[in-house]
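Okay, structure first, notes after.
Numbering starts at 1 and runs along the sequence shown.
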Amino acid sequence: MLRTIRTLLRSARPIAWVCALAVIGTCIAPALAAPQSSLAPVLPGAGSLDSPDLGRAGTSHGWMVVQSGDTLALIHIPPRTSAQAGASGVLAAGGGSVRLVMPLERSPEGIAAIDERVYLAFDVRDSTGQLIQREVRSVAAIRSGLGALWRFEPAADLLTHPVLPTSGRLLGMGAAGQTLVAIMSERSRRGESSPVIHALDQDRWREAQLPDELAGLISGQPSPLRVVSMRGGVGLAVASSRERLDVWVGQVRFPRPTSSRRFGDFDDGPVLTRPANPRPVEAPPEEAPEWTWTRRSLSLDPAQVDVIAAGTLLECSGALVWVEPIPGGRVRLTELTEAGSFPIATIDGVAPPVTAASLDGDGRIALVWSQLDEPGSEDSPLKPSSPKRRYEVREISAHTGRVLYAGPAKSLGPVSPTDLRLLSTALLATMGVVLLLVLRPDPSDGVVTIPPGFALAEAGRRFFAALADTAMALWISSVLWGIDMGTILSPDGMIGGETWVVVGSGIGIAIVMGTIGEWRTGRSPGKLLTGCEVISIARTGLVGEAGHVPRPGFWRALERNVLKWLLPPMAMLGLFDQQGRHRADMMARTLVVVRWEEDQDQDES
């Protein structure tokens, strides 16, 4: 009997191994074949919502945190359509136009945009990795007045806002109208985790509880929460089943005190005499912000539930669009509605990770990613860490699915190539007129005789005198306008217009200083420092009489300084003139000279 059992077991051993391998393969194969294992997440960007009721139609901005290798950067996508903002027109930026805002040292935990400002939340950790602070910082896009170019404020850093609590985990950020909102999963004293909502009210965060049903969905579902900025308020999207996506839209109102009395003022009552021991008014208990919630149930493809952790939800021109990566280096855009989900477009050739943002006012969704640069392609304007990488941009219509732009990211400059060609042509024509009419020598000027005791000032001396006058005029102008010299010399100062304001005022100050100084004493501040002076020439070509130094009159001095400072090429080319005089000297009939003692010169010889 025992021998028979051993024989059966030996014969059944191969069958057992086959069955065991089949069971293991059945368990592992679905995990290996699951699409999310090979998919990188879509990095969420932020897009400000269009506000036609506030006179800001077509002025929504896009913001993205893009990644290239180990390098992170914040980029700005300006409005794509022309619009009117009050009485000033906003020029449109072409497709693919982006601008680097600043590099980032670490990835933000949350991002949201309101109007022209983007908010970023960062976790600050100590050397042991423990969370010590949750910062909220922002930067705004400001119109520069030069074409479609926007500048950023602050220029080199981020503005700091009140910090968020560190007791929980940040689930997402969004905007409820003009209010910044953060959703956090905070732990109670019992150790239980429950989601709460924080709204930024001026200079503090105001906490409120979520509806019980919504809080239960967020806490009980393994699928992540998606926070969406919507025109009707802030949207909290969570999958309630494999076929439904619940979007709770919340609007907030902050209660304001009805009394104008400030907390801490003394309440003296109606009596005329002040009590001996006045007592401060006790502040009433703080009221929580009032939230109003509505729910939308959207149809979801069951296959999308498996990749919900990798996708993101955006609102664009009233449509809720689901952006998700699919195998093969592709990204799929699907509109979610109550009636069903409808495909919009599928973008091929995407190198993950990809960043998505909504340009709400333009009705388009922008995708940006970095990929290895092909030989012979143009350099990327965003300059990633590796020179072999460049940024690609795709802009898709949220309504039709049409690809509105496909190609490399284009640097946004103050003028277009067409404008640059026109400016170059105008500059060449102006230089030709100056060379023909202004710099042409005047044959009637004749030979100038220098009186005894004077000599023509050297070119180097005159150059340093003009340099000193320029520096002094710019310094006075910067003090009057309250703009530091660092801003004047920076590219942001040139784009923002501060440089041109100070330079224009400095030219006026230099004309005034030079005119008054040369009229009264023959010297400007720079000429006084370098030891040279201006004298007037008689019409016969002789300089005054012995012992008399003629000074230029007021109008001659004004004419000389206006031509000198408004047409600086005339002064520069005058340094190489044989007579040592530029065109302003010739027209004002003046000379720049230095004094010297004849007897002292003979003794030295």
Would you mind reporting whether [Y] and [X] have side-chain heavy atoms less than 4.5 Å apart?
| X | Y | answer |
| --- | --- | --- |
| Leu72 | Arg106 | no |
| Ile114 | Tyr119 | yes |
| Pro525 | Met513 | yes |
| Thr355 | Trp369 | no |
| Asn561 | Leu566 | no |
| Val136 | Val163 | no |
| Leu158 | Phe122 | yes |
| Asp585 | Leu591 | no |

Next item on the list: May I have the step-by-step check of side chain to side chain contact (heavy atoms under 4.5 Å, CB included) for Tyr405 and Val393, ending in yes or no?
Entry: CA-CA 7 Å; Tyr405 176 82; Val393 178; 4.0 Å; yes
Notebook entry, point to check: What do the steps show when you test Thr530 against Arg461 for side chain to side chain donor-acceptor pair (under 3.5 Å), and what is the final call?
Noted result: CA-CA 6 Å; Thr530 56; Arg461 188 190 298 264; 5.7 Å; no
Whether the side chain of [X] engages the backbone of [Y] through a donor-acceptor N/O pair (distance < 3.5 Å, no angle test) should be reported.
| X | Y | answer |
| --- | --- | --- |
| Ser229 | Ala175 | yes |
| Ser97 | Gly94 | yes |
| Ser397 | Val403 | no |
| Ser524 | Gly514 | no |
| Ser505 | Ser477 | no |
| Asp469 | Gly526 | yes |
| Lys410 | Gly95 | yes |
| Ser317 | Asp360 | yes |
| Arg99 | Trp150 | yes |

Over all heavy atoms of both residues, which pair between [X] and [Y] is shortest? Give the atoms and the distance, please.
| X | Y | result |
| --- | --- | --- |
| Met64 | Ala366 | CE-O, 3.1 Å |
| Ala457 | Cys532 | CB-CB, 4.1 Å |
| Trp63 | Glu116 | CZ2-O, 3.4 Å |
| Ser358 | Leu314 | N-CD1, 4.1 Å |
| Leu49 | Arg231 | CD1-N, 3.5 Å |
| Ala199 | Thr179 | CB-CG2, 3.9 Å |

Next item on the list: Kindly determine whether Ser48 and Asp115 satisfy side chain to side chain donor-acceptor pair (under 3.5 Å), including the steps that lead there.
Entry: CA-CA 5 Å; Ser48 59; Asp115 294 338; over 6 Å; no
How long is the span from the [atom1] atom in [X] to the [atom2] atom in [Y], to the nearest 0.5 Å?
| X | Y | atom1 | atom2 | result |
| --- | --- | --- | --- | --- |
| Ile75 | Ile77 | CD1 | CD1 | 5.0 Å |
| Ile535 | Thr590 | CD1 | OG1 | 9.0 Å |
| Met587 | Leu563 | CE | CG | 5.5 Å |
| Met472 | Leu467 | CE | CG | 11.5 Å |
| Thr470 | Trp565 | OG1 | CH2 | 3.5 Å |
| Leu120 | Arg137 | CG | CZ | 9.5 Å |

Item checked: CA sep, side-chain torsions, deciding dist, call: Val65, Ile111, side chain to side chain contact (heavy atoms under 4.5 Å, CB included) -> CA-CA 9 Å; Val65 177; Ile111 180 172; 4.2 Å; yes
Checklist line | Greater than 12 external heavy atoms within 6.0 Å of Phe464's CZ | finding: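 It does not: Phe464 CZ has 12 such atoms or fewer within range.
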Next item on the list: For the pair Glu518 and Arg551, find out whether any cationic side-chain nitrogen is under 4.0 Å from an anionic carboxylate oxygen.
Entry: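 Arg551 and Glu518: not salt-bridged.
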Margin query: Could you walk me through whether Lys527 and Glu533 satisfy the salt bridge (Lys or Arg N to Asp or Glu O under 4.0 Å) test, starting with their C-alpha distance in whole Å, then the side-chain angles of each, then the deciding distance to 0.1 Å, before giving a yes or no?
Written below: CA-CA 6 Å; Lys527 291 181 176 64; Glu533 57 187 303; over 6 Å; no
Next item on the list: Show the numbers, then the answer: is there a side chain to side chain contact (heavy atoms under 4.5 Å, CB included) between Tyr391 and Val66?
Entry: CA-CA 9 Å; Tyr391 287 94; Val66 294; 3.6 Å; yes
Note to self: Tell me whether the rings of His76 and His61 are parallel (<30°), tilted (30 to 60°) or perpendicular (>60°).
What the structure shows: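 Rings of His76 and His61: parallel, as their planes differ by under 30°.
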Next item on the list: Begin with the C-alpha distance, continue with both residues' side-chain angles, and end with the deciding distance and a verdict on salt bridge (Lys or Arg N to Asp or Glu O under 4.0 Å) for Glu395 and Arg80.
Entry: CA-CA 10 Å; Glu395 297 181 15; Arg80 294 292 191 248; 2.8 Å; yes
Notebook entry, point to check: Given Asp157 and Val139, is the side chain to side chain contact (heavy atoms under 4.5 Å, CB included) satisfied, shown in steps?
Noted result: CA-CA 8 Å; Asp157 201 355; Val139 64; over 6 Å; no
